[in-house]
Chemist: 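Below are the structure tokens for one structure; questions will follow.
In what follows, every chain begins at residue 1, and chains take the letters A, B, ... in the order their sequences are listed.
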Amino acid sequence: MTATPTAARVAAVEPGPELTLDQRRRFIRQLTLPGFDEVAQRRLLAARVLVIGAGGLGSIVLPALAAAGVGTIGIVDHDVVEPSNLHRQTIHTAVDVGRLKVESAADRLRALAPEASVVPVAERLTPENAGRMLDSWHLVVDGSDNFETRFLVNDECVRRDVPLVWGAISQWGGQVGSVWRSPEYRDLFPQPPADEDVLTCAIGGVLPAVCAVIGSLMSSEVVSLLTGTGDALLGRIAVYDARRARFRELEYGPTEQPAPDSLPQPQTEENPMTDSITPAELAAMDKEGLQLIDVREPWEVELTAIPGAVNVPLGTIGSAADELDRTAPTVLYCHHGVRSERALQHLTAIGFGNVQHLEGGIDAYSREVDPSLPRY
Amino acid sequence: MADVLVRYFAAAADAAGREEETVSLPEGATTGDLKRLLVERYGDEMARVFRSGSLLVDGRATRDEHVPLGARADVLPPFAGG
């Protein structure tokens, strides 16, 4: 893959009203930046940005966004400040120990930027509340501390076509990138690692400076995406290694589909079926001999699943393909129909003859066919 | 033989004791062949990286063991912390 500079893209935020004299004075040092103009500042002032996590990364991102003039800032975190946080989570102070992080962070932001609207949300983001919590934001920043949240935020942002800036840290290193449609976080990390393979800050430790470096880059990404100034980290990530004092970049693209000419030809000459079926069509289908494959993650299957389905997470479909029946009528489904379409393209490309995927995923199936299936 | 530039990030660089190297493999070698070679060379620590992390071939992540290698491979662990 070669580097393709992306044209600057601007998040769908309309510039707010003309700047007042006070605002001009306040933001003069960035208004004079080459390529950053008054319209860019008005976009920031009109922007609604949701920051997940008021920890090490949030401590850097949140004040940076408030100071730069982002008009509305949401903060999601359900934790309270602990003494072990203070070496890196510098938005909180010693007197805040025991307080909700969102309250302590909100106080700091209001002091920095009295005109900003700050929305503290002391809840953990879950599949059940993600739809409500991520609604109505122009951009989402993920500085959370677990993979469950990271994958959930990515999936929701991709589905909603909302730009996402994510950063992650561990010990001496950090990673930062942005996602807008494609490629996404799942293209870099196809599936969440097992819990026993994950090193948290509590177990592995973390250097405060790494939070500051990665958090600063994240805030720069937010400004870039909201105002269209410069190329954001789309299709590439920046990786920082404090022990070796080195930045490296890694370019990535949508998860590889096998090249068509290197693959066995489909076993049927013609496939008269369309690629997708509706929930009603699936409900009416003869289930005898049907291979129903759920390509979601195991934790999603625990929440709800269509009876009779086997679980093959999207990230493993390539290696699991040998164990599936290539000729049986096959229906793939996921949460909303994005991952299942990708799985369909993969299986079709490697010679599966009779594959369809469920439009709108299990969410649509629950709404239209079987309300007894919980939605998330 | 085909040469592949392998770049190691974070825990992968720690396991390998280097940030990158050129690895020679037989023509037609796959992702599975590369993983086996690196685990043989760098032991459990590298095996652990492969369990949780990603292998990208010319910028495309894959968990499939049968993907032909390209010019570059990246070994990247995910970070959870924030």
Chemist: Rounded at 0.5 Å granularity, tell me how far CG in Asp155(A) sits from CZ in Arg339(A).
Modeler: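 The CG atom of Asp155(A) sits 5.0 Å away from the CZ atom of Arg339(A).
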Chemist: Is there side-chain contact between Asp3(B) and Ser24(B), with at least one heavy-atom pair below 4.5 Å?
Modeler: yes
Chemist: Name the region of Val239(A), side chain, backbone, both or neither, that has any atom closer than 4.5 Å to a heavy atom of chain B.
Modeler: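 Looking at Val239(A), just its side chain touches chain B.
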Chemist: Side chain, backbone, both or neither: which part of Arg244(A) has a non-hydrogen atom closer than 4.5 Å to chain B?
Modeler: side chain
Chemist: If I measure from the heavy atoms of chain B, does Arg246(A) come under 4.5 Å with its side chain, its backbone, both, or neither?
Modeler: side chain
Chemist: Salt-bridged, Asp44(B) to Arg51(B), with N to O below 4.0 Å?
Modeler: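 No, no charged N to carboxylate O under 4.0 Å.
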Chemist: Between Gly55(A), Gly204(A), Gly173(A), which residue shows the highest count of heavy-atom pairs closer than 4.5 Å to chain B?
Modeler: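 Highest number of pairs under 4.5 Å: Gly173(A).
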Chemist: Of the backbone (N, CA, C, O) and the side chain (C-beta and beyond), which part of Ala13(B) lies under 4.5 Å from a heavy atom of chain A, both, or neither?
Modeler: both
Chemist: Who wins among Val49(B), Leu56(B), Leu76(B) for the most heavy-atom pairs under 4.5 Å with chain A?
Modeler: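 The residue among Val49(B), Leu56(B), Leu76(B) with the greatest pair count is Leu76(B).
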Chemist: Which one of Asp187(A), Leu188(A), Ile52(A), Ile317(A) has the most heavy-atom pairs closer than 4.5 Å to chain B?
Modeler: Leu188(A)
Chemist: To the nearest 0.5 Å, what is the distance between CG (Leu234(A)) and CG (Leu164(A))?
Modeler: 10.0 Å
Chemist: Side chain from CB out, backbone as N, CA, C, O: work out which of these in Ile237(A) comes under 4.5 Å of a heavy atom of chain B, or both, or neither.
Modeler: side chain
Chemist: Looking only at heavy atoms and a cut-off of under 4.5 Å, which of Ala71(B), Gly53(B), Pro77(B) has the most pairs with chain A?
Modeler: Pro77(B)
Chemist: Go through Ile169(A), Asp142(A), Asp145(A) and name the one with the most non-hydrogen pairs under 4.5 angstrom from chain B.
Modeler: Ile169(A)
Chemist: Given 3.5 Å as the limit, does a donor-acceptor pair link the side chain of Thr31(B) with the main chain of Asp64(B), or not?
Modeler: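 Indeed, once roles are kept as given, a pair shorter than 3.5 Å links the two residues.
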Chemist: Under a 4.5 Å heavy-atom cutoff, which of Ala11(B), Ala10(B), Pro78(B), Ser52(B) has the most pairs with chain A?
Modeler: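 Most heavy-atom pairs within the cutoff with chain A belong to Pro78(B).
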Chemist: Rounded to the nearest 0.5 Å, what separates atom OH in Tyr240(A) from atom OG in Ser216(A)?
Modeler: 11.0 Å
Chemist: Below 4.5 Å from any heavy atom of chain B, which atoms of Arg88(A) appear? Answer side chain, backbone, both or neither.
Modeler: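 Arg88(A) has no heavy atom closer than 4.5 Å to chain B.
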Chemist: Are Glu297(A) and Phe151(A) side-chain neighbours, meaning at least one heavy-atom pair lies under 4.5 Å?
Modeler: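 They are not in contact (no side-chain heavy atoms under 4.5 Å apart), so the answer is no.
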Chemist: Once rounded to the nearest 0.5 Å, what's the spacing between atom CG of Asn154(A) and atom CZ of Phe147(A)?
Modeler: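 Reported to 0.5 Å precision, the distance equals 12.5 Å.
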